[in-house]
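Input: a single structure, listed below in structure tokens.
These numbers come from a predicted model, not from an experiment. Each ligand, and each atom within it, is numbered from 1 in the order the structure gives.
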Amino acid sequence: MKTKVTFQCSNCGAIYPRWIGRCNYCGEWNTIAETVPFKEKTQKSSEKTTKFSPQKLTDIKINLYTRIPSGINEFDRVLGGGFLPGSVILIAGEPGIGKSTLVLQILESIQKPSLYITGEESYEQIKIRANRLNIHSDELQILCETNIETISSLIENFPATFFVVDSIQTLYTDELPSAPGSLQQVKETVTKLVHIVKQTNKIVLLIGHINKEGNIAGPKALEHIVDCVLSLEGERTSNLRVVRPLKNRFGSTFEIGLFEMSEFGLQELVEPSKILVSHTSLNNPGVAFSAFIEGNRSLAAEIQSLVSYSSYSIPQRNINGYDFKRLQMILAVLDKKINLKLRQSDVFVNITGGIFISDTGIDLAIASSLFSSLNDVVIPSDIAIIGEIGLTGEVRNILSIDKRIIELEKLGFRRIVVPKSSKRNLIQKTKSKIIQVEKVSEAFNYIFG
Ligand code: TYD
Ligand code: MG
């Protein structure tokens, strides 16, 4: 019998009877690939001998103490306290960002019987990395394997609680002839993995490379299969590494974990603001300091702007670490409300430290750094600036003003510009001088006056 071949988009999963260059559903180019049907079904669903034993909701007991902490605080914070038995945690990130390093350090810290299954590297390569990280755990065993049927059997039978599978792109199942890393293989192998983990109550840390667009193995297809998706992020030019939960079935997706990649692996950042704020750029035009909120924490931010005369008919605008549209809004407000002459200027803004900030509480600091660079005037080094900018040129209130003030004071700032409408409970107690402003123009008058 002739097997029926179909074509599937690796981005959105749409199926086509023949190959086409561009997916009609998601509009992506070159994502359609041949898919081949399963070789054989192992078991008909009617033959399954599942025993049904539903439980009354009121009878189900939750053991609050089943979480197993990794011992790495910044990682446990992201997980929501530790690992839950029977869960699959996907750690996704660009190649070379430090995923293998992170999982090896977790296995060392946890000190429980564990098996590191790899299809990416040889035994020697893992040993070299372990030596570099000073890892000599007795509990850790390594195996080079990529077949999911073998791996499933290992998870079931091998006397370990923790398993690492490095990486999903190397896994394959005997039941599919397509190549490892293809959409079909990735979905099928991860589904099998999750299935065995739920049955055995073991814990699997699964590594996945992401492509240039930031997708895990192309589609979003995996996110709903696993329990937790953690993204390991960082700029190539910076040592800062952020563990950000994209999905967490058993905890919040609010907290991030902060690490620094060092010569000896990932180090937890005890005082993260210190790496985000350099202090070497103090007393330079275009430099402003602020604070932003990530999860439950406040962190300091250093903003550097460069405004220069443009030789292009359309001036360039560029921002690293913040929303580009927000920059355009700030520029429009400065143009219309402050009459700042930026139309003929190239504008470059950089949030230092390699972090991306999605908190609008640094708007006013960005505006101040632009003013500072355009007019070549320095913002006094003891001033930090917080506040969101509204379309009428007003400085809007933001959340957690007190947390931000505390963080900035720790770094030595003694004058802090804040929105007038902010709640005043902490402001009255603080040692530093708090300047409350209603309008962007009022802030500029104080800072540059
Ligand atoms: P790795 O964990 O192999 O990345 P991934 O598994 O995500 O592909 O880390 C690779 C990079 O990290 C490599 O460029 C070297 C760097 N690195 C350090 O800077 N310090 C270290 O201690 C280790 C082990 C790696
Ligand atoms: Mg790796």
Kindly indicate, with the supporting measurements, whether the criterion side chain to side chain contact (heavy atoms under 4.5 Å, CB included) is fulfilled by T101 and R132.
-> CA-CA 10 Å; T101 307; R132 189 172 171 182; over 6 Å; no
Can you pull the residues with any heavy atom under 4.0 Å from ligand 1?
-> E94, P95, G96, I97, G98, K99, S100, T101, R129, R132, L133, M261, S262, E263, F264, G265
Between K99 and E120, is the closest basic N to carboxylate O distance under 4.0 Å?
-> no
Ring geometry between Y16 and Y25 (parallel below 30°, tilted from 30 to 60°, perpendicular above 60°) | tilted
Go through the side-chain N and O atoms of T253 and N248 and say whether any donor and acceptor fall under 3.5 Å apart.
-> no
Which residues satisfy the salt bridge (charged side-chain N to carboxylate O under 4.0 Å, His left out) test with E233, sequence neighbours excluded?
-> R244
Under-2.8 Å neighbours of the Mg ion (ligand 2), protein N/O/S atoms only | 1
Would D382 and R414 pass as an ion pair if we require N to O under 4.0 Å?
-> no
Would you mind writing out the side-chain donor-acceptor pairs for residues 350-360 within the sub-3.5 Å range, not counting sequence neighbours?
residue : atom : partner : partner atom : Å
T352    : OG1  : L276    : O            : 2.9
D359    : OD1  : G361    : N            : 2.7
D359    : OD2  : I293    : N            : 2.8
D359    : OD2  : R404    : NH1          : 2.9
D359    : OD2  : R404    : NH2          : 3.1
T360    : OG1  : E388    : OE1          : 2.6

Kindly determine whether E188 and T173 satisfy side-chain hydrogen bond (donor to acceptor under 3.5 Å, both in side chains), including the steps that lead there.
-> CA-CA 8 Å; E188 192 57 29; T173 166; 5.9 Å; no
Step through the shown structure and confirm whether more than 12 heavy atoms of other residues, nucleotides or ligands are within 6.0 Å of CG on N283.
-> yes
